[in-house]
Amino acid sequence: MAAADGFLTEQQRELLRSVSLSRDSAPDLPFSRSASDHHGKVSGGSGGGGSKIAGGSLVSPKHDRRSHSGKSLRPKKGGAGGKGTWGSLLDNGGNLRVDRNDPNYDSDEEPYKLVSTPVAQSLEDYKRKVMHIVEEYFTTDNVAETAAELRDLGCPNYHHYFVKKLISMSMDRHDREKEMSCVLLSALYADVIQPDQLAKGFARLVESVDDLCLDIPDAIDIVALFIARAVVDDILPPAFLLKTSQMLPEGSKGHEVIQKAEKSYLTAPLHAEIVERRWGGSTQSTVEEVKKKITALLNEYVESGDKAEACRCIRELNVPFFHHEVVKKALTLAMEKRNSEGLILSLLKEAAEEGLITSSQMSKGFARLSDAVEDLSLDILHAKEMLVTLILKASEQGWLSSASATTLSFHEDNGSSDADGVTVFKQKATAIVQEYFLSDDVGEVVRSLEDLAAEDLNYIFVKRLITLAMDRKNREKEMASVLLSSLYAELITAEDVAKAFVLLLESAEDTALDIPDAGNELALFLARTVVDDILAPLDLEEINEQLEPKSLGSETVYTTKALLGARHAGERILRCWGGGTGWAVEDTKDKIIKLLEEYEAGGDLGEACQCIRDIDMPFFHHEVVKKALVMAMEKQNERLLNLLQECSSEGLITTNQMTKGFTRVADSLDDLALDIPNARKKFAEYVEQAQKQGWLKTTSFTSLKSQLPDTNGFADDGN
């Protein structure tokens, strides 16, 4: 029956009730030892197999989660458990040691080492402190103290801002502060400021040029010079230019900065010296201080007579671009103290022979004294006569170039009125050139020079024209070459052009201080005069003979010869500044021949003029004149003269180009006579016809009378 009432027997029910009562009365603490023993007896009393309870089995002792070790289950005070337990959550293995020689060694298992660092300050605080440091440096010029203050800031990741702030603050100050900034950056490089931070600072500076230009008009040139100086000082890699240029947006002023730094400063001859001396150089001396040192060393030399010591002092000044001041003060001292003239001349000769003072600096010193001789005459009697004597002695001893001596003697021998006339001519020549660059009117230049009526000074005009063009854009350079070609044979001679280039090349070193690429510019101008048939290639040798060996002027002549000897030299030189249509010279000549042949065969006069106009090379129209005259001689067809007359009346071919074309034919008459027996007679008839019809000036060919027959029409009866 009992079995029918339930699954449990009475004994089992009694046991279950006793277990329930004991569980209800026990506190919520871990089981005590007696409870464990009782639980074991219950398990054991189940017959070992565990009886069924409500459709399930009793919990087997091996499945009980409580410890069966027989020890108390109370945890240790630290909460880590006892033997055989997992331990605490934060237990790191106790005395376990990481062996770096273990094949399974992992550096991440090394215990962390906390390092104390100062709390990083804000960028605003850093900026404020940096501005104070820069201001103080410009006042004290103490590099060591500035480096210590910057190091104490403890923010190396902000140093790029210091670089940018230092340069931007110096840009609106004098050259002294700019030079101090360069010196400081060079001193801090790699020691206090890391290379990547310095490059980042320059990059940020270039990016902000657009804003800087609003306050500093010449910001582009100044930043470009700072970059060039950093490259020269080896604190900025040359690759910085390309890398930065690629990161800048097209058309930004930052691109102009990179291009100017690369083309104007870093690719010019002697660029390192020029860049280093641009703001006063490493001497950090002002002009007045250098002048005082020059005066002191000259006075000491006059007293001691020690040339070696005087030369050493000049060398230690480390201002080769300012040696003309040494020459001027030395000559002035010789004029003031007549008994010191021999010592002074001996010192200058020694300095010139050693190469300590260049020929250009020597000439410039004499020229400066010549310009100031009027004022000297107020204090020194017979100052002009003394200067002439000094010039003659210097020229005879060979340490003053003959060209400079001739120019200086010209000024002095003709008195003050002529000297004033030269000064006035220079001023007017400058005004003429500047107006020409604005108007592009060759005819106006011709009229202005004719009004000046100073043929002996035309070489000064040529020199001034090229000098002003060199510091301008390619448009003005091309215009200067076109003007020279137009003026040649009518107003200026080849001798004038050659003399002008001698003076330009003698002063090339000084010009390079203001125009870093002066050597290349002069080489292109000189090569262009040869291509335009103004100078002959042999003239280059004569020019080079008047220059100091191994000087920048001599190197420029060598560069000119290399340019002329290159393949397609004529085409490249003619297009070096973007002149004309971009056609090759030979192609242009072929087009001229074809249009003349077409017109000679019965072509339309208006069409021929339009073809000449389409060539768009007005400075090359003398070639049209030459080939038209030669073709007229060969084909015995004077119809071509009608074309030249029409071009002249329309203003298509200028009088200068017409004269130059006739002159080129006159120069080649000997060669033409081999193929055209009556070439001289025909040419004389063409000249007479052109002069009568008014499209060739009568005075243009008076010098050719001796080359032509007596019956050539060049009679003195009005022609």
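Note that this is a predicted model, so its numbers are computed, not measured.
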Which pairs would a plain distance check flag for residues 536-544, meaning a side-chain donor or acceptor within less than 3.5 Å of a matching protein atom at least two apart in sequence or in another chain?
from   : atom 1 : to     : atom 2 : distance (Å)
Asp539 : OD2    : Ala536 : N      : 2.8
Glu541 : OE1    : Lys561 : NZ     : 3.4
Glu541 : OE2    : Lys561 : NZ     : 2.6
Asn544 : OD1    : Ser554 : OG     : 3.2

Self-check item: Set of residues satisfying side chain to side chain contact (heavy atoms under 4.5 Å, CB included) with respect to Asp172, sequence neighbours excluded
Solution: Ile216
Quiz item: If only atom types and distance count, is the side chain of Ser264 paired as donor or acceptor with the main-chain N or O of Ala261 below 3.5 Å?
Solution: no
Self-check item: By salt bridge (Lys or Arg N to Asp or Glu O under 4.0 Å) - contacts of Lys263 (at least two apart)
Solution: none
Practice problem: Check side chain to side chain contact (heavy atoms under 4.5 Å, CB included) between Leu266 and all other residues, then give those that pass, not counting sequence neighbours. | Solution: Ala228, Val231, Val232, Leu241, His271
Quiz prompt | Backbone N/O of Phe437 and side chain of Arg475: donor-acceptor pair under 3.5 Å | solution = yes
Exercise. For Lys307, enumerate each residue passing the side chain to side chain donor-acceptor pair (under 3.5 Å) test, keeping only those at least two apart in sequence or located in another chain.
Key: Ser346
Quiz prompt | For Glu444, all residues meeting side chain to side chain contact (heavy atoms under 4.5 Å, CB included), sequence neighbours excluded | solution = Glu435, Asp441, Arg447, Ser448
Quiz prompt | Polar side-chain atom of Asp496 near backbone of Thr493 as donor-acceptor pair, under 3.5 Å | solution = yes
Self-check item: Heavy-atom donor-acceptor pair, Ser370 side chain to Phe366 backbone, under 3.5 Å
Solution: no
Quiz item: Salt bridge between Arg528 and Glu478, side-chain N to carboxylate O under 4.0 Å?
Solution: yes
Quiz prompt | Check: His324 main-chain N/O paired with Gln361 side-chain donor or acceptor under 3.5 Å | solution = yes
